[in-house]
Structure formats: C-alpha cells, structure tokens
Amino acid sequence: MFAKHLRYLQQEGWTTVLFRDLQNAQSLPEKSVVITFDDGYEDNYPGAFLPLMALGMKATWFIATDCIGGHAHWLGKPSTQTRMLTAERLLEMHAAGMEIASHTCSHPDLSLLSSDQQQFELSKAKAVLEDLLSTQVGSLAYPFGRFNSDSITIAEQTGYSMACTTRPGWFDSEPNPYLVRRIAIFSGDSASTLARKLSFADNDVSWKKMTRYYANRVWDKLRHTS
Ligand SMILES: [Zn+2]
C-alpha cells in the first residue's frame with residue numbers, strides 16, 4: 001500500500017523533500033511533500049525505506065534514541081511489531097539521503113515533564129544522533145504529538161530549528177517553526193483517501209465531512225452572489 005501511495009505521489013507530480021528542507025521552503029518546488037515516520041520501527045526498512053529507494057524518493061524519520069535497536073516500550077510487551085531500527089540501519093538510511101531526526105530519548109509525554117527533564121530529553125537525543133550520524137540534527141517531532149509552551153522554548157534553546165506536531169494542516173498555514181502541522185496517513189488508507197487528505201490537508205476526509213465542506217462552499221457562493 002505504501003508503494004502504491006508513492007506511485008500516486010509520483011504520478012501527480014509531487015516531489016518528496018526532507019523535513020529540514022522546509023527551512024528554505026521558498027526554494028522548493030510548488031508540489032513538495034515531506035513524508036515523515038515517527039518512532040523508527042524495524043519494519044520501516046523493508047516496508048518504507050526500500051520502496052522509497054526504488055522510486056528515488058526520500059523521507060524523514062523521527063527516532064527515540066533510547067530505543068535504537070531495542071523495543072518501543074510505550075506499546076507494551078516486546079514483540080516483532082515493537083522492534084526498532086538498529087544504529088546500522090539508521091546509518092545506512094542516512095547515507096542513502098534520508099533524514100534521521102529527533103523524537104526525544106525515551107518517548108515521554110513532554111507536557112507532563114518539568115522543564116529540566118524536557119531539556120534533558122531534547123538535548124541528549126540531539127547529541128546522540130549527531131554523534132551517530134556525524135551531522136547536525138535540527139528537526140524534532142514531539143512524542144504522541146504532546147507538548148507545552150516550555151517544549152517550544154526548550155526546542156529552540158537546545159538548537160533545534162523546527163519541530164512538528166500532529167495537528168493537521170499545511171506547512172505554510174503555521175508561522176511558528178516549532179508547531180509545524182502534518183496529516184496522518186494510515187496503512188488502511190487507499191490512494192483515494194490519500195488524495196483527499198492531500199487536497200484538504202486534514203485527517204478527517206470522511207464523505208460526511210466532505211459533503212459538509214462542499215455544502216458550505218455552495219452556501220458561501222450563494223451568500224456572495226446575493
Ligand atoms: Zn512516537
């Protein structure tokens with residue numbers, strides 16, 4: 001399904017860019033899309049990295065550094081589904097042009113931590129990845145999409161240039177670079193659901209909501225012409 005999504009993006013003329021490329025968004029092609037993965041599950045290697053490589057496309061992975069080569073502890077008992085990418089895989093993906101970025105160390109809900117604890121999570125994860133990849137890491141995704149006003153300040157203070165949330169919307173609809181929006185694509189989403197999510201920059205593209213959207217548009221039009 002992911003390979004199908006990629007072929008759809010390619011057919012429609014979308015260019016994949018990295019999350020960090022958004023710092024110079026003006027220089028990007030108009031139909032640019034950033035594909036992001038949170039956590040860094042081992043199955044992302046065959047399921048996403050290899051299909052991306054086959055089509056010459058790229059993506060950004062947000063990695064919880066304590067879990068590299070281990071398990072996603074927040075998902076409960078370890079299983080094949082909770083297994084995370086190893087350092088060797090991350091190095092290979094980085095060398096192939098993928099962006100490996102920060103998702104903190106231990107994948108906490110940042111909004112529940114003190115500012116000292118947040119500082120530790122953000123700065124250590126950055127240092128661990130920079131050490132592993134021998135490159136600067138300036139991109140962050142908040143675990144569970146949860147953060148508070150401290151998180152934004154600390155992300156900036158600890159040297160990140162951008163951070164993404166799980167709030168839906170276009171990149172350019174949000175002026176704060178530490179509150180970048182994105183839409184969620186699930187394994188069950190068909191290519192046509194992906195197409196609707198892309199056109200509306202929204203997670204809810206049920207026909208009920210779409211019908212409401214078009215009804216409102218017609219209503220607006222009627223009001224403006226009357
Ligand atoms: Zn996560």
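Values reported hereafter were calculated over all heavy atoms of this structure, with side chains retained and with hydrogens, waters and symmetry mates removed. As the structure lists them, so they are numbered: ligands from 1, and atoms in each ligand from 1.
Sequence neighbours left out, the pairs with a member in residues 10-42 that pass ring pair (Phe, Tyr, Trp, His ring centres under 6.0 Å) are F2-F37, F19-F62, F37-W61. Sorted by first and then second residue, the ring pair (Phe, Tyr, Trp, His ring centres under 6.0 Å) pairs with a member in residues 115-136 form an empty list; sequence neighbours excluded.
With hydrogens and angles ignored, the 3.5 Å screen pairs a side-chain donor or acceptor of E99 with a backbone N or O of R20.
Ionic pairing of R181 and D202 is not present here: no N-O contact between side-chain nitrogen and carboxylate oxygen is shorter than 4.0 angstrom.
The neighbour count for Q136 CD, taken as heavy atoms of other residues, nucleotides or ligands under 6.0 Å away, does not exceed 12.
Excluding waters, the protein N/O/S atoms found under 2.8 Å from the Zn ion (ligand 1) are D39 OD1, H103 NE2, H107 NE2.
Residues forming a side-chain hydrogen bond (donor to acceptor under 3.5 Å, both in side chains) with D189 (at least two apart in sequence, or on another chain): K197.
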